[in-house]
Amino acid sequence: MQIKEIREMVRLVSQSGLSVFEMENDGFRIRMENNTGTAAVVETAPAAVAQMLETDSFERVAQPVAEQVAPVSGTPVKAPLVGVFYASPSPDQDAYVKVGDGVKKGDILCIIEAMKVMNEITAEKDGVITAVLAENEALVEYGQDLFMIG
């Protein structure tokens, strides 16, 4: 496995909201825990991979996500299923909502794709979007906060 692939995995785990990620491939195992908004590799083998991950460039990959995490107010809109988060109906269109947009109960906020089925996620109450907590095309977990409505 190349360092570029490992860095991409760290980025995806950091942004996905997953708390633990484990993978075994080509004779080595990687376990990442994401408790603070940044992914930390806590177990690797062989030793050559661990040495690559200790470089400063690896640390810079994980740091921007930590800077984005900040407490926000409002009522969370949680993912009702596991899948891929899409902020817009198609890649060439604007997002359904962005921070500051007013929404009414039943308005579409995003789509979560699960098993090739597009599931529209709607607002559960009237309000204003105070935060968008998921990244477009990122994997989201069941119960993960996607938006905050104030």
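Just so it is clear, the values below take in all heavy atoms, side chains as well, and ignore hydrogens, waters and symmetry mates.
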Practice prompt. Give a yes or no answer on whether the side chain of Thr130 reaches the backbone of Met148 with a donor-acceptor pair at less than 3.5 Å.
Written response: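 Indeed, once roles are kept as given, a pair shorter than 3.5 Å links the two residues.
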Worksheet item: Between the main-chain N or O of Ile112 and the side-chain N or O of Asn119, is there a donor-acceptor pair closer than 3.5 Å?
Response: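 Present.
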Fill in: Residue pair Leu109 / Phe147: nearest heavy atoms and the distance that separates them
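Between these two residues, the closest heavy atoms are O-CZ, 3.5 Å.
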Practice prompt. Write down the atom of Val82, the atom of Ala114, and the distance for their closest heavy-atom approach.
Written response: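 Closest approach of Val82 to Ala114, heavy atoms only: O-CB, 3.4 Å.
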Worksheet item: Can Lys78 and Asp145 be counted as an ion pair, charged N to O under 4.0 angstrom?
Response: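 So Lys78 pairs with Asp145 through a salt bridge.
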Between [Y] and [X], is there a side-chain heavy-atom distance shorter than 4.5 Å?
X: Pro76; Y: Leu146; result: no
X: Pro89; Y: Tyr96; result: yes
X: Lys125; Y: Ile149; result: yes
X: Cys110; Y: Ile121; result: yes
X: Val103; Y: Val97; result: yes
X: Ile111; Y: Phe85; result: no
X: Val132; Y: Val99; result: yes

Item to complete: Given salt bridge (charged side-chain N to carboxylate O under 4.0 Å, His left out), test Lys104 with Asp107 step by step and report yes or no.
Response: CA-CA 6 Å; Lys104 297 206 178 292; Asp107 285 354; over 6 Å; no
Worksheet item: Once you round to the nearest 0.5 Å, how far does CG of Leu81 lie from CE of Met115?
Response: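 Answer rounded to 0.5 Å: 11.0 Å.
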Practice prompt. Please step through side-chain hydrogen bond (donor to acceptor under 3.5 Å, both in side chains) for the pair Glu137 and Tyr86, ending with a clear verdict.
Written response: CA-CA 5 Å; Glu137 299 181 3; Tyr86 293 105; 5.8 Å; no
